[in-house]
There are 2 protein chains.
Amino acid sequence: MAYDPSAFFSALSDPTRLRALVLLLTEGELCVCRLVGALAVSQPKMSRHLAALREAGLLRDRRQGQWVHYRVAEDLPAWAARTLAALAADLPDQAPYRDDLLRLRDVPEKNGAAA
Amino acid sequence: MAYDPSAFFSALSDPTRLRALVLLLTEGELCVCRLVGALAVSQPKMSRHLAALREAGLLRDRRQGQWVHYRVAEDLPAWAARTLAALAADLPDQAPYRDDLLRLRDVPEKNGAAA
DNA sequence: CTTTAATATACGCTTGTCCATATATTCGGA
DNA sequence: TCCGAATATATGGACAAGCGTATATTAAAG
């Protein structure tokens, strides 16, 4: 996946998807429930956007009990990896991404944390 | 412009716009008529896509007689400039961008060339 | 086996995007 | 001033994207 550049950029062309992606770029791996809390969006909305990113090849998911964890895909083409690196370098300091990070701190990890 | 990342990526999320952009990244500045020839698309279609890229802040235009030349904007935010640099580094060797480059050679410059 | 939490999907709707075609604009030259 | 070339815009329709709401799935717990 993510071999067609225009499909890759389509996945990035939604504010909610971009905010979720920046969180995943800085935090490494997050369950859906924490993303819902950090971005303050409805659960179905977050689920659909994460599915779109996964289907575009940008994210991978991992099921652990009732939780599903999403992370940024590792095997991206060079131009895609460089694009995400640019976002990870610049966006987390800016609004609204910075505020999402802060709000994430207040969302408890419940259980299914890291590996 | 191009301050909202999702708007920037929306501009990149169309195959025709990406192809035109890659040509401009490698050639520096081109008139609409040569882009029409290189991509083999209709003139109104190219004009609309170039306008979209310009309104998103990715391109600048310069009128010279009957010709309008487009070039990549110089004053982009860092994350945007790095994204375009990644595209310029990897895409021109691949299909269909490589073929567009080759086809561009066969489109005469008519008149309004460089500066 | 029922319940509850986490996540995903289906549905109907509104809005936006893209296209082809036709027409308008702008400029240089005769 | 009239014409042709280059470019832009308007129009209408087809199709996809997003949304909120409701419901289905999956798994852990009891």
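Scope of the values below: all heavy atoms of this structure, side chains included, with no hydrogens, waters or symmetry mates.
B:Leu91 CG to B:Thr26 OG1: the interatomic distance, rounded to the nearest 0.5 Å, is 10.5 Å. Between A:Leu101 atom CG and A:Glu27 atom CD the span is 5.5 Å, to the nearest 0.5 Å. Atom CG of A:Leu30 sits about 9.0 Å away from atom NE2 of A:His69, to the nearest 0.5 Å. Atoms CZ and CG, from B:Phe9 and A:Leu18 in turn, are 6.0 Å apart once rounded to the nearest 0.5 Å.
Regarding B:Arg34, its CZ atom lies at a distance of 17 Å from the C1' atom of D:dT7, rounded to whole Å. In this entry the distance linking CZ of B:Arg54 with P of D:dT7 reads 13 Å, nearest Å.
Using modelled atom types, one side-chain atom of B:Arg19 and one backbone atom of B:Leu39 make a donor-acceptor pair closer than 3.5 Å. Using a distance-only test at 3.5 Å, with no hydrogens or angles considered, no donor-acceptor pair links the side chain of A:Arg17 to the main chain of A:Ala52. With hydrogens and angles disregarded, no donor-acceptor distance shorter than 3.5 Å links the side chain of B:Ser47 to the backbone of B:Pro44.
Hydrophobic clustering (ILVMFWY, side-chain heavy atoms < 4.5 Å, transitive): A:Val107 and A:Tyr97 are in distinct clusters.
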Problem - Sequence-aligned protein contact record of nucleotides 10-23 of chain D, with B where the base is within under 4.0 Å of a protein heavy atom and S where only the sugar-phosphate is - result: --------SBBBB-
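At a threshold of 4.0 Å, the pair A:Asp93-A:Arg98 does not count as salt-bridged, since none of the basic side-chain nitrogens sits closer than that to a carboxylate oxygen. Salt-bridge annotation for A:Arg103 and A:Asp100: present, with a side-chain N of the basic residue lying under 4.0 Å from a carboxylate O of the acidic one.
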What are the atom names and distances for every N/O pair under 3.5 Å that joins the protein to nucleotides 25-30 of chain D?
none

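In the 5' to 3' direction, nucleotides of DNA chain C lying under 4.0 Å from heavy atoms of chain B begin and end at C:dC18 to C:dG28.
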